[in-house]
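Here the structure is laid out as structure tokens; the discussion comes afterwards.
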Amino acid sequence: MKDLVEEMRGAVRHWWTSLIIGLLAVVLGVWCFFTPLATLGALTMLFIVAFFVSGLFEVVFAVGNRRMRGWGWTLAGGIIDLLLGVMLAASPAPAATAVLIYFVGFWIMLRSVWAIGWTSELGSVGVRGWGWLLALAIVGFIFSLVFIFSSPIFGGVFVVAFFSTAMIFYGIFRIWLAVKLKAVKDAVSEE
């Protein structure tokens, strides 16, 4: 029991870092709501980096696991991510932000098709629960159609609103976590 108490002390010693992260996330989320153009520009840069990193890791994963069934789905997804990153990075800044909305839509669509392929492979080898993954992949595909066939303005507003809301909720979670960690720290300190 003494070891557990020592572990808890170490784990909650820096509870305040969660509080700072939470406050910063809430501020960032609110700022993004009020500066949608700057947010879209920043998200464009973030997606360029994400496409490159994701593509690189997907290709490495696929090549390293080429004996596994369905490895081609991962390889194709990785190559597509790399190509999207290159095309987005090569676009001029204002055009890149407008193109981002369609790229995100097509990226979600391609990833959903990739997920449908993977879940089919999982189902064929008898993995339990693969139907839930298939349902999520289909929902992702439907959302991708909304992105692709809506106006770029709607897509941009949706991306900014979604990102901002996610940051605010994440911030609230981190603040709540800090409060709970502080309570644990105080309880452990009393022992």
query = Do Val60 and Trp114 belong to the same hydrophobic cluster, where Ile, Leu, Val, Met, Phe, Trp and Tyr are linked whenever their side-chain heavy atoms lie under 4.5 Å apart, directly or via other members?
reply = no

ask   = Side chains of Thr39 and Trp31: does their closest heavy-atom pair fall under 4.5 Å?
value = yes

Any Leu75 side-chain heavy atom under 4.5 Å of Glu58 side chain = no

query = Closest approach of Cys32 and Ser164, non-hydrogen atoms and distance?
reply = CB-OG, 3.1 Å

Residues clustered with Val139, ILVMFWY side-chain links under 4.5 angstrom = Phe143

message = Just verifying a value: how many Å separate Leu177 CG and Ile172 CD1, rounded to the nearest 0.5 Å?
response = 13.5 Å

key: Shared-cluster residues of Tyr170, by chain and number - hydrophobic side chains joined below 4.5 Å   = Ile21

query = Given the rule that I, L, V, M, F, W and Y join up when any side-chain heavy atoms are under 4.5 Å apart, are Leu84 and Leu56 in one cluster?
reply = no

message = Could you check whether atom CE of Met45 has more than 12 heavy atoms from other residues, nucleotides or ligands sitting under 6.0 Å from it?
response = no

key: Heavy-atom pair of closest approach, residues Ser112 and Ala137   = CB-O, 3.4 Å

query = Linking I/L/V/M/F/W/Y whenever any side-chain heavy atoms sit under 4.5 Å apart, do Met87 and Leu46 land together?
reply = yes

query = What are the two closest heavy atoms between Thr44 and Leu88, and how far apart are they?
reply = O-CD2, 4.2 Å

ask   = Do the side chains of Phe52 and Val86 get nearer than 4.5 Å, heavy atoms only?
value = yes

message = Contact between Trp118 and Leu133 at the side-chain level, heavy atoms closer than 4.5 Å - yes or no?
response = no

inquiry  = For a 4.5 angstrom cut-off between non-hydrogen side-chain atoms, does Glu121 reach Ser124?
reply    = yes

key: Cluster link Leu37 to Phe33, ILVMFWY, side chain under 4.5 Å   = no

Smallest separation among heavy atoms of Gly171 and Ala25, with atom names = CA-CB, 3.6 Å

task = Answer whether the closest heavy-atom distance between the side chains of Leu19 and Arg174 falls below 4.5 Å.
result = no

Whether Trp15 side chain and Lys182 backbone form a donor-acceptor pair below 3.5 Å = no

message = Below 30° counts as parallel, above 60° as perpendicular, anything between as tilted: where do the rings of Phe158 and Phe162 land?
response = parallel

inquiry  = Rounded to the nearest 0.5 Å, what separates atom OG1 in Thr35 from atom CG in Leu28?
reply    = 8.5 Å

task = For Trp73, check side-chain hydrogen bond (donor to acceptor under 3.5 Å, both in side chains) against everything at least two apart and list the hits.
result = none

message = Is there a continuous path of hydrophobic side-chain contacts, each under 4.5 Å between heavy atoms, that joins Phe51 to Leu83?
response = yes

ask   = Any side-chain heavy atom of Asn65 sitting closer than 4.5 Å to one from Thr74?
value = no

query = Where do Val159 and Leu40 come nearest, in terms of heavy atoms and distance?
reply = CG1-CD2, 4.3 Å

request  = Indicate yes or no: at least one non-hydrogen side-chain atom of Arg111 is less than 4.5 angstrom from one of Ser54.
outcome  = yes

note = Ile79 and Val59 have their tightest heavy-atom pair at N-CG2, 3.9 Å

